[in-house]
Protein chains: 2
Amino acid sequence: MTTTLKDIAKQLKTSVSTVSRALQNHPRISAEKTKKIQDLARELDYQPNSFAINLKKKTSKTLGVIVPELSLHFFSEILSGMDETAHRNGYQLLICQSGEKVEREKEQIQNLYKANVDGILVAVSKETSNFGNFDLLRKKGFPVVLFSRTHPNFPSVHSDDINGGFLATKHLIQQGCKTIAHIAGPWHLYATKDRQNGYLKALETYHLPINQSLIIHSDLEKESNIEAVHQLLNREQNFDAIFCFNDYVAYDIIQVLKEKQIITGKDVLIVGFGNQPISTQMEPKLTSVDQQPYQIGIKSIEMILNSINSKIETSIKQTEILETMLIVRNSTYH
Amino acid sequence: MTTTLKDIAKQLKTSVSTVSRALQNHPRISAEKTKKIQDLARELDYQPNSFAINLKKKTSKTLGVIVPELSLHFFSEILSGMDETAHRNGYQLLICQSGEKVEREKEQIQNLYKANVDGILVAVSKETSNFGNFDLLRKKGFPVVLFSRTHPNFPSVHSDDINGGFLATKHLIQQGCKTIAHIAGPWHLYATKDRQNGYLKALETYHLPINQSLIIHSDLEKESNIEAVHQLLNREQNFDAIFCFNDYVAYDIIQVLKEKQIITGKDVLIVGFGNQPISTQMEPKLTSVDQQPYQIGIKSIEMILNSINSKIETSIKQTEILETMLIVRNSTYH
DNA sequence: TTGTAGGCGTTATCAG
DNA sequence: CTGATAACGCCTACAA
């Protein structure tokens, strides 16, 4: 049996409320009695029942987090930052994954809501195009923060992908490249537009022609990536660089180039995005844009705690955009 | 305001208990009334208050999980399996990390315990040598399952590292290697002993001499790994293969060999352990022992649910050992 | 300074 | 079939 306030009260022949107060160091309880109570509590290894406290206080000090895929390094890095920050603030994390399925995502939102978490953070699944679920929550004044995979209508934390795309492309231009291709992601991801816009902006800024046939969209699956390079290779016009939507795309691309005896970093320069572990593990090491996932985690928690703690209208649209930076490695540097 | 049973009762001029029963499809409530109540509940978007239910039922349908590092792929893969299985069984996961610190681990155990989770799963931190915290919990009859980083006195789920080491070494022997070095992990990890024992067993089985100077321990940090190869290279006697404690060690080793113009897969064969993404991303691709982390996650949850649901003494020592298998790639195959 | 009483939202027991 | 009533463990006016 776990010990309760009542147990302590009974043993000390006092009342539950006195015990409760003593344990909270309430000033109006005599020092003597307080000590006695606290000692006994320690002795009996008293643990306040969180259910009762939650019920009373209507708060669980728990936040729900939904990620598409727990095992994607980018997300686990974010979670790491979240965990750190949440704990520093006395919160715990109820973490679950959507598996990139809208249905599952919806279900998880329900679960978390039912579990009475104090707020929900989510990186939306690839499939999600309808944000009704989130809107419903917000309508109820329930704190929601989107991170990484976001939507302009919600409080969000994500990296500055536009500038990331710009930096990547600018770097290629400065390395002397004239014909820079871009393998873009699927349209429904916000990041796709942003990275592509950064790419376009750099071309404009440095007065290079924009050629739509140099922009190829991939659904990010391996086959699609390979198909994308082939498309580029089959054009009559040559290219001397590729800015890839992410590091995994870059990896796949480079494998194909290798087969064709095209040397990355010399014949063709490649830049990835995400600065994932793969970028330093592959050969050649990949120049990539860092997104500070750990920081994304920290900022997301801070934002939601902010909206939980301020009784102010939580619907103020808030967006935190984290700086991206280019990490130069051998794939663009000979 | 969120709606409660009382609200519904009031509107329908009935009692709270009737509403409660109707919502649970209790057989002794008239079909008509049940329908009316359920309809209104849906309309008002009634959500049962989990705090109250938990308080009443003394169970939270929540499991606590502690991992050393959320962003290590091996663990996030395990978590993925856990999440899947937990949800299928109606449980949620409170996930946190120890950062490989005993202090932090202890704190997290306390947090989870206070949060009234129904059980705790943990992969112990590297620093942990004293299992007192876990013993305390077990003494109270509190369900604890260790996974991956385990201890023989507790219910555990981990991979068959002995056989993994055996398979890896046997493979090297069958590839014709005669002088096989082993870069082992730090002693306090159980896996270290197991993998090394597997290695020794294979040498014995195939009648190869055991040479202690071929076994070098590393603390798994990069410097330590590099130091380890150097030690091997400086021996008077040559070696033709290295079985590494894990894939990251293998990666570091291979980098050093490359610098020395020693060709992996030809001059020296290398086997890693873990079959992590890095093993297919590096060049050459690494032969490695797969540990089925996703399965570890599944089995761990099943084990703890088992001990939660069976009122039988939870202290039955239980151990689930998952099969390992060798994945052959270019680092041992020319 | 301390105790009593009521309530948080649900469930379960016991009458009716 | 339905409705009080108590209880889960804790907190907090309000009294004393």
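Order of the sequence lines fixes the chain letters, A, B, ..., with proteins taken first and strands second; residue numbering starts at 1 for each chain. Keep in mind that the numbers below use all heavy atoms, side chains included, and drop hydrogens, waters and symmetry copies.
Looking at the side chain of Q24(A), the nearest of the listed nucleotides dA12(C), dT12(D), dT10(C) is dT12(D).
Applying the 4.0 Å criterion to OP1 and OP2 of dA12(C), one finds that K57(B) has every side-chain N and O outside that range. Between dT2(C) and T14(A), no contact under 4.0 Å exists linking OP1 or OP2 to a side-chain N or O. The shortest distance between the side-chain N/O atoms of K6(B) and the OP1/OP2 oxygens of dG7(C) is not below 4.0 Å. Taking only side-chain nitrogens and oxygens, S30(B) comes nearer than 4.0 Å to OP1 or OP2 of dT2(D). At dG3(D), one or more side-chain N or O atoms of S15(B) fall inside 4.0 Å of OP1 or OP2 (strictly under the cut-off). Note on S20(A): a side-chain N or O is less than 4.0 Å away from OP1 or OP2 of dC11(D).
For Q97(A) and H87(B), the side-chain atoms include no donor-acceptor pair closer than 3.5 Å. Side chains of N116(B) and S60(B): a donor-acceptor N/O pair is absent below 3.5 angstrom, by distance only. S80(A) and E84(A) form no side-chain donor-acceptor contact under 3.5 Å, judged by distance and modelled atom types alone.
I53(B) comes within 4.0 angstrom of the backbone, heavy atoms only, and of no base. At the heavy-atom level, Q47(B) lies under 4.0 Å from the strands shown only through sugar-phosphate atoms.
Put simply, the side chain of K56(B) and the base of dA12(C) share no donor and acceptor less than 3.5 Å apart.
The separation between F51(A) atom CZ and dG9(D) atom C1' is 11 Å, rounded to whole Å.
Taking for each of L5(A) and K13(B) the nucleotide of DNA chain D with the nearest heavy atom, the 5'-most of the two is the partner of K13(B). With the nearest nucleotide of DNA chain D identified for both R21(A) and H26(B), H26(B) has the one nearer the 5' end. Taking for each of A52(B) and S17(B) the nucleotide of DNA chain C with the nearest heavy atom, the 5'-most of the two is the partner of A52(B).
Taking OG from S148(B) and CD1 from I78(B), the interatomic distance works out to 4.5 Å, rounded to the nearest 0.5 Å.
Below 30°, between 30° and 60°, or above 60°: for F134(A) and F131(A) the angle between ring planes is between 30° and 60°, a tilted geometry.
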